[in-house]
Amino acid sequence: MTARRTNFALLLALALAFATGVTAFGIGTGWNRWITVQHGIAGFLIIALAPWKSLIVRRGLARHRPGSWASIALLVLVVIAIVSGLLHSTGTATDIGGLSAMQIHVGAALVSLPFALWHVLKRSVRVTPMDFARRRLLRAGAFVGGAAVTYSATEGLIKVAGLPGASRRFTGSHERGS
């Protein structure tokens with residue numbers, strides 16, 4: 001996958017993760033489950049794009065451009081958001097240093113926003129009509145499908161292993177003292 005397509009796909013995945021995260025955070029009704037599922041799929045999609053993005057990052061770091069510290073900060077914050085999201089969803093670490101894994105997840109995502117905006121504006125992604133060609137859309141659908149299968153497999157593994165995340169509420173949160 002080319003660097004431009006990787007960046008475009010990652011931008012869409014991060015936007016989907018942010019939109020579904022904000023929506024899931026603001027809604028507490030039963031249909032929220034589908035938004036939470038989409039949020040998880042977006043997270044696995046970001047993980048699936050990581051190998052291609054790592055090649056771009058290596059090339060970028062070799063250029064020693066000014067402002068690369070902000071790109072590294074964005075990378076660190078996205079990794080923290082994903083790892084804390086996985087720790088929360090599996091229930092393997094609900095509290096980390098006096099904060100819940102969900103607080104760390106949301107905090108890292110919110111702090112990463114200005115860095116992501118700066119990164120997108122500094123290194124804009126050109127969208128061309130060929131980006132929406134049938135073959136590319138099918139390939140993107142395969143990536144999303146793979147992320148959905150991985151999400152489903154992870155949810156099943158959490159239940160089979162009897163991890164604390166198996167008893168999460170439909171919102172994705174863990175019940176505490178209610």
What's the verdict on side-chain contact (heavy atoms from CB on, under 4.5 Å) for Leu113 and Leu117, showing C-alpha distance, side-chain angles and the deciding distance? CA-CA 6 Å; Leu113 283 177; Leu117 183 62; over 6 Å; no

How long is the span from the CZ atom in Arg136 to the OG1 atom in Thr128, to the nearest 0.5 Å? 6.5 Å

Sidechain-backbone polar pair: Ser112 side chain, Ala109 backbone, donor-acceptor under 3.5 Å: yes

With the side chain counted from C-beta on, respond yes when Ile96 and Val83 share a heavy-atom pair under 4.5 Å apart, and no when they do not. no

List the atom of Thr92, the atom of Thr90, and the distance in Å for their closest heavy-atom pair. OG1-OG1, 2.9 Å

Minimum heavy-atom separation for Val111 and Pro114, please, with both atom names. O-CD, 3.2 Å

Show the numbers, then the answer: is there a side-chain contact (heavy atoms from CB on, under 4.5 Å) between Leu12 and Val144? CA-CA 11 Å; Leu12 292 177; Val144 172; over 6 Å; no

Report whether Ile82 and Phe143 are members of the same hydrophobic cluster (ILVMFWY, side-chain heavy atoms less than 4.5 Å apart, transitive linking). yes

Run the side-chain contact (heavy atoms from CB on, under 4.5 Å) check on Trp34 and Thr20 step by step: do they pass? CA-CA 9 Å; Trp34 293 107; Thr20 55; over 6 Å; no

Kindly indicate whether the side chain of His88, heavy atoms from C-beta on, has any atom under 4.5 Å from the side chain of Ser84. no

Which atom of Ala147 lies closest to which atom of Ile41, heavy atoms considered: CB-O, 3.6 Å

Look up atom NE2 in His105 and atom OG in Ser100, then write down how far apart they are to the nearest 0.5 Å. 10.5 Å

Same cluster (ILVMFWY, side-chain, under 4.5 Å), Ile46 and Leu77: yes

Considering all heavy atoms of both residues, which atom of Ala42 and which atom of Ala13 are nearest to each other, and what is their separation? CB-O, 4.0 Å

Does Ile72 belong to the same Ile/Leu/Val/Met/Phe/Trp/Tyr cluster as Val79, with side-chain heavy atoms less than 4.5 Å apart forming each link? yes

Cluster link Ile56 to Phe115, ILVMFWY, side chain under 4.5 Å: no

Residue pair Val76 / Ile80, side-chain heavy-atom distance below 4.5 Å: yes

Minimum-distance pair of heavy atoms, taken over all atoms of Ala93 and Ala101: O-CB, 3.3 Å

Would you say His39's side chain and Gly21's backbone share a donor-acceptor pair under 3.5 angstrom? yes

Joint hydrophobic cluster, Val57 plus Trp118, side-chain heavy atoms closer than 4.5 Å: no

Rounded to the nearest 0.5 angstrom, the OG-CG distance for Ser54 and Leu75 is 10.0 Å

Can you find a heavy atom in the side chain of Phe25 that is under 4.5 Å from one in the side chain of Ile35? no

